Amino acid sequence: DQQVKQNSPSLSVQEGRISILNCDYTNSMFDYFLWYKKYPAEGPTFLISISSIKDKNEDGRFTVFLNKSAKHLSLHIVPSQPGDSAVYFCAATPHGSSNTGKLIFGQGTTLQVKP
Amino acid sequence: ETGVTQSPTHLIKTRGQQVTLRCSSQSGHNTVSWYQQALGQGPQFIFQYYREEENGRGNFPPRFSGLQFPNYSSELNVNALELDDSALYLCASSIRRGAGDVYGYTFGSGTRLTVV
């Protein structure tokens, strides 16, 4: 029962272009979403998050879009840089008093940015 | 401000043995969670500790257990190791505000456990 899905295992883009990473979820109780980046031999590093009360959040080159009706979110990286090459994980959690702080992760998408 | 540190970084154990993994939380964080990441998969939630008590558990058997200490550091213990326990084990610390939300998830670099 995969509640968070990243259907593209890999993505390759040219330096300077836009990278778009996608994530779908099934649990309507999720109302807080996070993106993490992971390099080999390191733990996941927080990138950006979005609450369900918003449909867009920007931080520098990174923008996350949330479409609640479609249960879909995406991470846009503009412009892409070779240092962005890593595995990107989408994660979701329900906020509120019932939340145990449990993050539900997708399978990850490996992004390769070519110089 | 120190981040989340985990030890050891790598470990090889034999099937049936027991293992203890350790985690030091980021300064100011009062909650710790443990995740198992198998090869090619996303991290899977094992459990979370808050105020030295287990506070939420994923779909893992009782042979996975943990502790949280007064200084918010934590241990993950796995008994009767199986080959499928081979994975990267990640610790994440965060801030829990009362009975409400949890913020500031910060992950350590993980312990790579190999069971042979």
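Below, chain A is the first sequence line, B the second, and so on; all start at residue 1. Quick caveat: nothing in here was measured; it's all calculated off a predicted structure.
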Q.
With rounding to the nearest 0.5 angstrom, report the CD to CG distance, B/Gln44 to A/Leu103.
A. 11.5 Å

Q. Do A/Leu34 and B/Tyr105 have side-chain heavy atoms sitting under 4.5 Å apart?
A.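 Side chain of A/Leu34 against side chain of B/Tyr105, heavy atoms only: contact under 4.5 Å found.
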
(Q) Using the rule that Ile, Leu, Val, Met, Phe, Trp and Tyr join whenever any side-chain heavy atoms are under 4.5 Å apart, tell me whether A/Leu21 and A/Val13 fall into a single cluster. (A) yes

Q | A/Ile48 with A/Phe30, same ILVMFWY side-chain cluster at under 4.5 Å | A |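 Yes, A/Ile48 and A/Phe30 fall within the same hydrophobic cluster.
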
Heavy-atom closest pair, residues [X] and [Y]:
X	Y	result
A/Gly43	B/Leu90	CA-CD2, 4.2 Å
A/Phe89	B/Gln37	CZ-NE2, 3.2 Å
A/Pro44	B/Gly108	CD-O, 4.4 Å

Q) Can the ring centres of A/Phe105 and B/Tyr35 be said to be less than 6.0 Å apart? A) yes

Q: For the pair A/Tyr36 (side chain) and B/Phe107 (backbone), establish whether a donor and an acceptor sit closer than 3.5 Å, ignoring hydrogens and angles.
A: no

Q) Is the count of non-hydrogen atoms from other residues, nucleotides or ligands lying under 6.0 Å from A/Lys68 atom NZ greater than 12? A) yes

Q) In terms of heavy-atom proximity below 4.5 Å to chain B, should A/Ala41 be classed as side chain, backbone, both, or neither? A)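 For A/Ala41, the backbone is the part near chain B, not the side chain.
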
(Q) Using side chain to side chain contact (heavy atoms under 4.5 Å, CB included), reason through B/Leu88 and A/Lys38 one step at a time and then give a plain yes or no. (A) CA-CA 13 Å; B/Leu88 179 68; A/Lys38 188 178 185 301; 3.8 Å; yes

